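Since the structure is predicted, the reported quantities are computational estimates derived from the model, not experimental observations. What's counted below: heavy atoms across the whole structure, side chains too, no hydrogens, waters or symmetry copies. For the single chain, residues carry numbers from 1 onward in sequence order.
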Amino acid sequence: MRFATIRVRQWLKAFPGALAFLCAVALLAGCGRNDQPAAYQPQFGDQPATAPAIKEYLFGLQPLHNPKHLFDVYSPIIDLLNASIPEAHFTLEASRNYEEFDKKLYTRHFDLALANPYQTINALKHGYHVFAKMGDDAMFRGIFIVRKDSGIHSVADLRGKALSFPARTALAATMMPQLYLHERGLPISAYEARYVGSQESSIMNVYLGNTVAGATWPPPWIAFKNDHRDIAGQLKILWMTEALLNNGLMARDDFPPELLKKIADILLALQTSKEGREMLARIPLSHFEAASAETYRPIHDFVARFSRTVRPLNE
């Protein structure tokens, strides 16, 4: 074997063009075979082969309206976040009722959440922090709806009657109206409080005659009037409570700070564009504003007063 190798080397040295000739022969022989793989061709795609996975984040909404209406109202805002922040993807999640939403919130199911002020201060104990809130605090008040032919004129007329409320933990639509009645001489023991699951249900119970009065708050009542003009025409607002702080926007404590800043910047600037103002009008709301846990200190005082005078509260 060593002798043959030496002889080949000597032959190639004697005939300098032989190497090129042998290579050409080998190449022609390869081209004539049908069982050889095709030459490599590079493949091009829209994304690199190692493109990172996009992180999914859940945005939970308290039952301000029925789930369909919630998606109709808030989906454009979520779509804007997804278009503006391509490195993340946000998904809306509605809940059937307040109890379901509370359970999800307090077990840290949501990455982001829009909650009423009572839920907001409770969520602080479960690892959430406030980064913004809904503006228009004057809108955050309870209202009492009655039929126009109800014959209800004073708080005393409700004694012994059935009243509808969305849920025990609805602040504007339940707790504030119940405190309103208590402070005017009608304790919760003096009427039948029915917790019917949603804002729309509280209103519809009045229309159907199941309750003589129902509590809600302005945004659901405005939406109800737009969607059910004939029914709403037979109802009216009888009383309204004083106002408190509006709903809070929260992030779980493990949410990326740099991503949260991008979200806050987008939400806090919605009112500066025509598209953003149209999104806000669906809520209806004029703007979001920056907030923190300290912003909600007055809610702690309200809850303490409510628990002491109306009924005890549990998460």
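Considering NE2 of H300 and CG of L124, their distance stands at 6.0 Å, rounded to 0.5 Å. Between the CD atom in E93 and the OG1 atom in T91 there is a gap of 9.0 Å [rounded to 0.5 Å]. The NZ atom of K133 lies 13.5 Å from the CG atom of L267; values are rounded to the nearest 0.5 Å. Here the OG atom belonging to S307 is positioned 10.5 Å from the CG atom belonging to L179, to the nearest 0.5 angstrom. With rounding to the nearest 0.5 Å, the separation of CZ in R147 from CG in L208 is 8.5 Å. Atom CZ of R141 is separated from atom OG1 of T216 by 13.5 Å, given to the nearest 0.5 angstrom.
Between the side chain of S150 and the main chain of I152, a donor-acceptor pair closer than 3.5 Å is present. Judged by distance alone, the side chain of N205 and the main-chain N or O of N210 form no donor-acceptor pair under 3.5 Å. Although no hydrogens or angles enter the test, the distance criterion places no donor-acceptor pair under 3.5 Å between the side chain of T211 and the main chain of G214. When atom types are taken as modelled, the side chain of T295 and the backbone of S292 share a donor-acceptor pair closer than 3.5 angstrom. For the pair D137 (side chain) and N246 (backbone), a donor-acceptor distance under 3.5 Å is present. Side chain of Y296 to main chain of G248: a donor-acceptor pair is present (N/O by atom type, distance under 3.5 Å, no hydrogens or angles). When atom types are taken as modelled, the side chain of D265 and the backbone of K262 share no donor-acceptor pair closer than 3.5 angstrom. Of the possible polar contacts, none joining the K261 side chain to the P256 backbone as a donor-acceptor pair under 3.5 Å is found. The backbone N or O of L58 sits less than 3.5 Å from a side-chain atom of D111, completing a donor-acceptor pair. In this structure a side-chain-to-backbone donor-acceptor pair under 3.5 Å is missing from S84 to L81.
Side-chain contact between K236 and V146 is present, with heavy atoms from C-beta onward closer than 4.5 Å. Within the 4.5 Å cutoff, side-chain heavy atoms of M134 are placed close to those of I283. Annotation: side chain of I188 is not in contact with side chain of H182 (no heavy-atom distance under 4.5 Å). With contacts defined as side-chain heavy-atom distances shorter than 4.5 Å, the pair F110/M250 does not qualify. For the pair Q271/L285, no side-chain contact is recorded, criterion being any heavy-atom separation below 4.5 Å from C-beta on. By the 4.5 Å heavy-atom criterion applied to side chains, P117 and N247 are counted as neighbours. Residues R159 and Y191 are not in side-chain contact: their nearest non-hydrogen atoms beyond the backbone lie 4.5 Å or more apart. In this structure the side chain of N116 never reaches within 4.5 angstrom of the side chain of T120, judged on heavy atoms.
Of all the heavy atoms in A215 and S202, the pair that sits closest is O-OG, 2.8 Å. Here the shortest heavy-atom pairing between P86 and A83 reads CD-O, 4.3 Å. Smallest separation of non-hydrogen atoms from A193 and Q178: CB-NE2, 4.2 Å. Contact record, Q199 with A173: OE1-CB, 3.4 Å, taken as the closest heavy-atom pair. Residues P284 and P219 come closest through the heavy atom pair CD-CB, 3.9 Å. Minimum heavy-atom separation, Y195 to A167: CD2-C, 3.7 Å.
At most 12 heavy atoms of other shown residues, nucleotides or ligands fall within 6.0 angstrom of atom NZ in K55. Around atom CZ of R297, no more than 12 heavy atoms belonging to other residues, nucleotides or ligands sit under 6.0 Å away. The 12-atom threshold is not exceeded at CZ of R96, counting heavy atoms of other residues, nucleotides or ligands nearer than 6.0 Å. Enclosure of atom CD in E242 is not indicated, since only 12 or fewer non-hydrogen atoms of other residues, nucleotides or ligands lie within 6.0 angstrom.
Note: H126 and Y106 have parallel aromatic rings, judged against thresholds of 30 and 60 degrees for the angle between ring planes.
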Apply the test side chain to side chain contact (heavy atoms under 4.5 Å, CB included) to residues F59 and L114: give CA-CA distance (whole Å), side-chain angles for both, the deciding distance (0.1 Å), then the verdict. CA-CA 8 Å; F59 198 127; L114 176 65; 4.2 Å; yes

Step by step, work out the salt bridge (charged side-chain N to carboxylate O under 4.0 Å, His left out) result for R282 and E278. CA-CA 7 Å; R282 294 187 181 99; E278 290 173 350; 5.4 Å; no

Begin with the C-alpha distance, continue with both residues' side-chain angles, and end with the deciding distance and a verdict on side chain to side chain contact (heavy atoms under 4.5 Å, CB included) for I266 and L80. CA-CA 9 Å; I266 292 169; L80 176 62; 3.8 Å; yes

Go through L163 and L158 one step at a time and tell me if the side chain to side chain contact (heavy atoms under 4.5 Å, CB included) criterion holds. CA-CA 8 Å; L163 279 63; L158 300 177; 3.9 Å; yes

Might you work through the side chain to side chain contact (heavy atoms under 4.5 Å, CB included) test for V206 and Q234, ending with a clear yes or no? CA-CA 10 Å; V206 177; Q234 301 178 54; over 6 Å; no

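Cluster annotation: L64 is connected to I121 through the hydrophobic network of ILVMFWY side chains, with a link wherever side-chain heavy atoms come within less than 4.5 Å. Criterion: ILVMFWY side-chain heavy atoms under 4.5 Å apart, direct or through other members. Under it, Y207 and W239 are not part of a common hydrophobic cluster. Under the 4.5 Å side-chain heavy-atom criterion for grouping Ile, Leu, Val, Met, Phe, Trp and Tyr, L260 is connected to L92 within one hydrophobic cluster. Put simply, L70 and V73 are part of the same group of oily side chains (I, L, V, M, F, W, Y) that touch within less than 4.5 Å, one to the next. No continuous path of ILVMFWY side-chain contacts below 4.5 Å connects V212 to I231, so the two sit in separate hydrophobic clusters.
Cation-pi geometry between R184 and Y180 is met: the NZ or CZ atom falls under 6.0 Å from the ring centre, inside 45° of the normal.
With sequence neighbours left out, the ring pair (Phe, Tyr, Trp, His ring centres under 6.0 Å) criterion links F224 to H228.
Between E100 and K104 a salt bridge is recorded (basic side-chain N to carboxylate O distance below 4.0 Å). In summary, E192 and R194 engage in a salt bridge, as defined by a charged side-chain N under 4.0 Å from a carboxylate O.
Taking the ring centroids of F255 and Y57, they lie under the 6.0 Å cut-off.
Judged by distance alone, the side chains of D136 and S286 do bring a donor and an acceptor atom under 3.5 Å apart.
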